[in-house]
Structures are given as C-alpha cells and as structure tokens.
There are 2 protein chains.
Amino acid sequence: MPTLEKVARTNAGLAAELRVSVMRLRRRLVSERHPNNELSLSTMSALGMLYRRGELGLTELAQIERVQPPSMTRTVKWLAQEGLVTRRPHDTDRRQILVSLTDKGRDVVRADRASRDAWLSRRLADLTAEERAVLRQAAPLIERLAQGD
Amino acid sequence: MPTLEKVARTNAGLAAELRVSVMRLRRRLVSERHPNNELSLSTMSALGMLYRRGELGLTELAQIERVQPPSMTRTVKWLAQEGLVTRRPHDTDRRQILVSLTDKGRDVVRADRASRDAWLSRRLADLTAEERAVLRQAAPLIERLAQGD
DNA sequence: TATTGTTATACTCTATAACTATA
DNA sequence: TATAGTTATAGAGTATAACAATA
C-alpha cells in the first residue's frame with residue numbers, strides 16, 4: 001500500500017477524531033464551569049493572555065485570541081467595567097488602545113487559576129500518569145494547530 | 001515538597017493549558033470550515049455518530065452529543081428536512097423517536113469525510129510523525145474527558 | 001409519577017458592514 | 001490610503017421553562 005495514501009487517510013481519520021473530541025470537550029467545559037464564576041471562558045482566556053504577555057493592543061489581543069476586533073472590543077469593555085483591565089492610549093500612535101491588567105485583574109487570574117479548572121483537574125486526576133503525560137505533550141500541539149498560517 | 005500538592009498544581013496547570021488550547025482549536029475549526037459545506041460541526045458530529053452507532057433515540061443522541069434534547073430536536077429536524085435522516089416511532093415505546101441515516105445521509109458522511117477535515121489534515125501533515133502519534137493517543141483521552149461522570 | 005420529545009423564548013458568543021479617528 | 005477601534009446588526013448554537021404524549 002502506498003505510504004502517502006496511508007498517511008493521508010490516517011491524517012483525515014485523526015483530524016476527524018480530534019475535531020469531534022475537541023468540540024465535545026469544549027462543550028463540556030462550557031457546561032461544567034462553576035456557576036458562581038461569572039467570567040466566560042473566552043474572557044478568562046483574554047485575561048490570562050494579558051497576565052502572560054502584559055500590555056497589549058486591542059487588535060493585537062484579538063489576533064492572539066483568534067477573534068475579530070469587535071468581539072474583543074466587547075470583551076475588553078466588559079473587563080474594564082469590572083475593573084479587571086485598564087485601557088490607555090498608545091504613547092505615540094493615538095489610534096491604539098493599550099490594554100493591561102489591573103491589580104484586581106491579576107488577583108482574579110491568580111485566584112481563579114486554582115478553582116476555574118476544578119472540574120477538568122478532577123477529571124485529569126482520574127487518568128494515569130502516563131495518560132496525563134500524553135495530554136501534557138498534546139496541549140501545545142493543539143495550540144499550534146489552532147495558531148499559525 | 002508533598003507529592004499530592006505537586007500533582008494537584010500540575011493538574012491545574014495542565015487543565016488550564018488544555019482548556020485554552022481546546023477552545024482556540026475549536027474556534028479555528030469553526031472559522032476554517034469550507035464555506036460550501038453547509039453542515040455545521042455539531043450537525044456533522046451527530047450525523048457521524050449515527051453512522052457509527054446506527055439508529056438512536058433522540059434523547060439518547062442528545063446525551064451522546066452532550067446537548068440538551070431541544071437542541072437535538074432542532075438538529076434532527078433540519079437533518080430530516082435535508083433528507084439526511086429519517087425519524088420513526090419506536091416499535092413498543094411510542095414516546096421515542098428513532099433517528100437513522102438515509103442512504104443520502106450515509107453518502108454525505110462518506111463523501112464529507114475526505115473534505116471536511118481538509119484544513120486540519122493539512123495542519124497535521126505539517127507535524128512530525130511523533131507529534132501525530134501523540135495526538136493520536138490524546139484524542140481518545142480528550143473524548144474520555146468530555147464524556148463520563 | 002417519570003420519561004420522551006416539542007415549542008417558545010432568550011442568552012452568549014461571534015461575525016460582518018459601516019463608520020470615526022489617526023497614521 | 002491604510003490601520004485601530006467602535007457601533008450597529010445579525011446569525012449560529014445553545015439553554016431553560018412549560019407543555020403534550022406516553023409509560
């Protein structure tokens with residue numbers, strides 16, 4: 001059997017499997033979030049990115065998070081209302097809005113880290129160490145699949 | 001350092017990383033779907049499940065797909081209108097609606113398998129064989145995380 | 001009473017289009 | 001002209017609540 005064809009079919013099969021599992025886990029994550037956590041997954045994702053990367057332009061943040069600028073405008077507006085981020089004009093380019101975490105925002109990220117993944121952490125604890133090791137290797141690969149190009 | 005604490009922190013970190021990457025890949029998958037494919041990801045997922053499992057009750061299908069019954073009602077209604085599934089009453093329990101693929105539905109699943117994951121397959125082809133092997137191991141684990149409990 | 005499925009309704013997230021201000 | 005961001009609007013996907021039919 002031709003190797004190329006075999007690889008191609010295998011990739012398509014893997015793609016299908018990965019796509020379905022990713023979709024289902026995402027849906028589960030949405031439904032399993034702790035009710036008293038009022039921050040949506042995408043909001044927390046943006047907050048976490050600001051925590052990791054520091055001050056970012058709004059469009060830059062949108063590109064990293066793979067959403068369109070209007071979506072990020074809304075997210076940032078909400079975060080600012082909650083006092084979790086501040087917006088300030090760029091020093092020299094007055095078109096740009098630079099977004100950064102407030103102390104409260106940083107606290108929320110830190111405090112939330114323990115609790116926000118409680119469900120998934122519990123599920124992970126049920127796996128074997130080997131299985132977790134696989135997922136630890138897989139996570140950055142999945143991230144790379146999502147980014148790029 | 002206590003092993004338990006170390007493991008717990010590691011699980012939380014892994015949970016966070018996995019959650020974010022899964023979210024981003026899902027968003028990317030939604031945006032990268034071929035425009036001429038009129039079937040949504042969740043619709044294709046339901047169709048694929050019927051392909052694999054055969055005739056299923058509507059609520060059963062909803063449970064497998066991790067959506068609420070009303071959502072599946074809508075999905076199945078649309079699929080029936082498109083002639084991709086048929087609904088028939090259960091032989092003995094007349095409350096139940098059994099859903100199964102039509103020949104056309106089966107054709108769509110088969111024909112779509114090659115093209116629907118084109119983008120992801122291409123991305124996977126850029127990985128090394130070792131990285132794909134990791135994802136091949138990870139996919140069923142992610143599925144297990146999404147299911148269960 | 002419990003379960004299966006539907007209808008009605010609303011919410012969340014996201015996108016596109018059109019616009020303003022600045023470069 | 002091109003880019004950063006906003007506003008207005010719409011669409012997809014999902015949920016909850018209330019209901020009907022059946023077990």
Side-chain angles (χ1 to χ4, degrees), chain A residues 19-20 22-33 35 37-47 55-82 85-99 146, chain B residues 19-20 22-33 35 37-47 55-82 85-99 146:
Chain A
R19 175 180 51 75
V20 168
V22 159
M23 262 196 29
R24 290 220 184 92
L25 180 54
R26 184 262 182 187
R27 195 143 59 216
R28 188 71 189 263
L29 283 167
V30 168
S31 69
E32 291 286 348
R33 276 174 2 96
N37 179 2
E38 76 275 13
L39 281 73
S40 75
L41 290 174
S42 56
T43 302
M44 268 315 303
S45 182
L47 223 48
E55 198 169 51
L56 291 169
L58 190 142
T59 296
E60 195 181 1
L61 186 53
Q63 282 167 349
I64 295 170
E65 292 293 313
R66 294 252 163 220
V67 297
Q68 293 300 310
S71 301
M72 192 51 72
T73 292
R74 208 180 72 149
T75 297
V76 167
K77 181 186 281 181
W78 187 88
L79 287 171
Q81 280 169 358
E82 296 294 314
V85 304
T86 54
R87 289 170 287 187
R88 70 172 185 88
H90 190 280
D91 292 327
T92 58
D93 182 347
R94 280 180 300 174
R95 293 173 305 179
Q96 284 195 51
I97 304 284
L98 295 177
V99 184
Chain B
R19 176 179 50 75
V20 168
V22 160
M23 263 196 30
R24 291 221 184 91
L25 180 55
R26 185 264 184 185
R27 194 143 60 218
R28 189 71 189 264
L29 283 166
V30 168
S31 69
E32 292 286 349
R33 273 171 10 93
N37 179 0
E38 74 277 9
L39 282 72
S40 74
L41 291 174
S42 56
T43 302
M44 267 316 301
S45 182
L47 223 49
E55 198 169 49
L56 291 169
L58 189 140
T59 296
E60 195 181 0
L61 186 53
Q63 282 166 350
I64 295 170
E65 292 293 313
R66 295 256 161 217
V67 296
Q68 293 301 309
S71 302
M72 192 50 73
T73 292
R74 209 177 71 153
T75 298
V76 167
K77 181 185 282 181
W78 187 89
L79 286 171
Q81 280 168 358
E82 296 294 314
V85 302
T86 53
R87 287 170 288 187
R88 71 171 185 88
H90 189 280
D91 292 327
T92 59
D93 183 346
R94 281 181 299 172
R95 293 173 306 179
Q96 285 193 53
I97 305 284
L98 295 176
V99 184

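Naming: A, B, ... by sequence-line order, numbering from 1 per chain.
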Requested in this report: Rounded to the nearest angstrom, tell me the gap between atom NE2 in B:H90 and atom P in C:dT4.
Outcome: 11 Å

Query raised in the report: For C:dT7, does either OP1 or OP2 sit under 4.0 Å from a side-chain N or O belonging to B:K77?
Result: yes

Query raised in the report: Once you round it to whole Å, what is the distance between C1' of D:dA4 and CG of A:L56?
Result: 14 Å

Query - pair B:R87-B:V76: side-chain heavy atoms closer than 4.5 Å - result: yes

Query raised in the report: A:Q96 or A:M23: which one's nearest nucleotide on DNA chain D is closer to the 5' end?
Result: A:Q96

Query raised in the report: With a non-hydrogen cut-off below 4.0 angstrom, is A:R74 in contact with a base, only sugar-phosphate, or nothing?
Result: base

Report summary line: Checking A:V99, A:I64, A:L61 against A:M72 for side-chain contact (heavy atoms from CB on, under 4.5 Å), the one that qualifies is A:L61

Report task. Could you check if a side-chain atom of B:R88 sits within less than 4.5 angstrom of a side-chain atom of B:E55, using non-hydrogen atoms only? Result -> yes

Report task. Quickly work out the A:D91 CG to C:dA23 P distance and round it to whole Å. Result -> 12 Å

Query raised in the report: Between B:T75 and B:S71, is there a donor-acceptor pair closer than 3.5 Å when you use the side chain of the first and the backbone of the second?
Result: yes

Query raised in the report: Hey, is the side chain of B:T73 poking within less than 4.0 Å of OP1 or OP2 on C:dG5, counting only N and O atoms?
Result: no

Requested in this report: Determine, for nucleotides 16-23 of chain D in 5'-to-3' order, which nucleotides have protein heavy atoms under 4.0 Å from the base (write B), from only the sugar-phosphate (write S), or from neither (write -).
Outcome: BB----BS

Query - Interatomic distance where CH2 belongs to A:W78 and P belongs to D:dT6 [whole Å] - result: 17 Å

Query - Nucleic acid contacts of residues 57-64 of chain A, taken as heavy-atom distances under 4.0 Å to DNA chain D - result: A:L58, A:T59

Report task. Could you state the atom-to-atom distance from CG of B:L41 to P of D:dA12 in whole Å? Result -> 14 Å

Requested in this report: Give the nucleotide from the list D:dG13, C:dT7, C:dC13 with an atom nearest to the side chain of B:S42.
Outcome: D:dG13

Query - First encountered from the 5' end of DNA chain C, between B:R87 and A:T43 - result: B:R87

Query raised in the report: Could you give the CZ-to-P distance, from A:R88 to D:dG5, as a whole number of Å?
Result: 12 Å

Report task. Taking atom types as modelled, find out whether A:E65 and A:S42 have a side-chain donor-acceptor pair closer than 3.5 angstrom. Result -> no

**Report entry** Under 3.5 Å donor-acceptor, B:R66 side chain and B:A146 backbone
**Finding:** yes

Query raised in the report: Any side-chain heavy atom of B:R24 within less than 4.5 Å of one from B:R28?
Result: no

Requested in this report: Output the distance between atom CD1 (A:I97) and atom CD (A:E60), rounded to the nearest 0.5 Å.
Outcome: 13.5 Å

Query raised in the report: Who pairs with B:Q63 by side-chain contact (heavy atoms from CB on, under 4.5 Å), at least two apart in sequence or on another chain?
Result: B:T59

